[in-house]
Amino acid sequence: MPRPGTIHPMPAPLFADLAPAPPDSILGLTETFRADRRPGKISLAAGVYLDETGRTPIPPTVVEAERRILATDTTKVYKPIAGDPAFTNPVRALVFGPDHPALAEGRVEGLHTPGGTGALRVAADLVHRLRPGATVWLSEPTWPNHPQVFEAAGLAVRRYPYLDLTTGGLDLARMLGALDRAARGDVVVLHACCHNPTGIDPTPDAWTRIADLVALRRLLPLLDFAYQGFGDGLAEDATGLRAMTGPGITLLVASSFSKNFALYAERVGALLIHGATADEAAALLSHAKAVVRANYSNPPAHGGEIVATILGDPTLRARWVDEVAVMRGRINGNRARFVDGLRAAGVAGGPGARLDADALLRQRGMFSLLGLSSGQVARLRDEFAVYVVGGGRINVAGLTDANLEPACAAIAAVLRG
Ligand SMILES: Cc1ncc(COP(=O)(O)O)c(C=O)c1O
């Protein structure tokens, strides 16, 4: 023990040999794009909705809800661990559909979480608390944050085939074959709609077959519902969810309001628990609350209050439904224009074309997966200043009148090699 007051040489830092962690594969790309000084650079990488001017605006209903909240809020006191019922009740109805029988039977519980990522992490911690040996099955490919979230919670992660490279569609037979080998109680993560990154969703018939297998093998489905309303409509995009909620099924849903309310930075989402019985749902909720208490304690108020204000007022809600329709319309219109652009550049449709125009047009949501090699993605960035995510995932909402033609020309150039 050194004597007090003795002077010692500076000790080596505790983390002296620590190598920096790699940047996030998607958010890191945004940072590189910002630092890129080339004029005419194009980013189709980030997973946020962009309007024709390349901005992500605050929807007018959100502005109006914030005005009302500011005028009436009198306290910043903690929210309940699971959030306000004024938030969770309308959210349950939005996600499941107001007439879903499980709602009337008291079999759906909800927690307000910090974003969809927060909902996924609470779900992961909940599974780890109840079944630490469970394996989490993720689609191949999937959103790169999925494996990180489940592994961080201490769960083992495996993959099931999803994308059929020959047809550009869903490889249902191989997907079901892999899930048939999952153990009872394993978790299957499914993208409820607008699969990220492929844009390929199961057909209603495929959803039924997935639901049958999940029930037969006694698996725990976890639906990641980050893009409700961006595919075919708010209710239409819940087709898979409704197929999965058969009798006797326990199901978790991680909803995000980052995209459909454009509340990205407010961090607002929900974990919904569909129990086989009301008692099971209530017991699962109590464990989920214990998980939340030991993590972030209770949810951030503001984003949830905005969603509650909009969903709780019929006029505001109707206006918000229209706002979602405008975003969806732009996304779907852009996809069609993008495919036309690739056709005009000679790389989609027609004999010998490198991309299947029909398969691209069947994709849903903000993303389109072009199936590019890492070399082609690097060439797009280095030679053409066009930023896309690995595998050639592009955000079609990022296309504008100004950048569509150069983006298609650059993609055509790298595809030709
Ligand atoms: C598939 C998927 N799940 C979840 C999320 C999480 O969204 P949030 O920003 O609400 O955490 C995203 C966001 O990009 C996503 O693409």
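In this chain, residues are counted from 1 in sequence order. Given the structure is predicted, the values throughout are model-derived calculations rather than measurements. Numbering of ligands and ligand atoms starts at 1, following listing order.
Looking at ligand 1, you won't find any N or O of His191 less than 3.5 Å from one of its N or O atoms. Taking only nitrogen or oxygen atoms, main chain and side chain alike, Thr117 reaches within less than 3.5 Å of ligand 1. Ligand 1 has no nitrogen or oxygen under 3.5 angstrom from a nitrogen or oxygen of Gly115.
For Phe257, the closest heavy-atom approach to ligand 1 does not fall below 4.0 Å. Taking a 4.0 Å cut-off on heavy atoms, Lys259 registers as neighbouring ligand 1.
Residues Arg330 and Glu52 are paired through a salt bridge, judged by an N-O separation under 4.0 Å between the basic side chain and the carboxylate. Salt bridge present: Arg343 and Asp340 bring a charged side-chain N and a carboxylate O closer than 4.0 Å. Between Glu323 and Arg319 there is no salt bridge, since no side-chain nitrogen of the basic residue lies less than 4.0 Å from a carboxylate oxygen of the acidic one. Checked for salt-bridge contact, Lys79 and Asp84 meet the test: a charged N lies under 4.0 Å from a carboxylate O. With salt bridges taken as basic N to acidic carboxylate O contacts below 4.0 Å, one links Asp401 and Arg337. Between Arg362 and Asp358, none of the side-chain N atoms (NZ, or NE/NH1/NH2) sits under 4.0 Å from a carboxylate O, so this pair counts as no salt bridge.
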(request) Show your working on salt bridge (charged side-chain N to carboxylate O under 4.0 Å, His left out) between Arg34 and Glu31 and close with a plain yes or no. (result) CA-CA 5 Å; Arg34 280 207 194 105; Glu31 285 164 28; over 6 Å; no
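Here atom 2 (C) of ligand 1 lies nearest to Asp224 when heavy atoms of Val268, Asp224, Thr113, Asn145 are compared. In this comparison of Phe367, Tyr227, Phe225, the heavy atom closest to atom 16 (O) of ligand 1 sits on Tyr227.
Each of the following atoms of ligand 1 lies closer than 4.0 Å to a heavy atom of Ser258: 8 (P), 9 (O), 10 (O). Residue contact check: Gly116 has heavy atoms under 4.0 Å from atoms 8 (P), 10 (O), 11 (O) of ligand 1. Remark: ligand 1 atoms within the under-4.0 Å shell around heavy atoms of Arg267 are 8 (P), 9 (O), 10 (O), 11 (O).
Looking only at protein heavy atoms, the nearest one to atom 12 (C) of ligand 1 is Trp143 CZ2, 3.5 Å. For atom 7 (O) of ligand 1, the closest non-hydrogen atom of the protein is Ser256 OG, 3.7 Å.
Both tests hold for Lys41 against Phe33: distance to the six-membered ring centre under 6.0 Å, angle to the ring axis within 45°.
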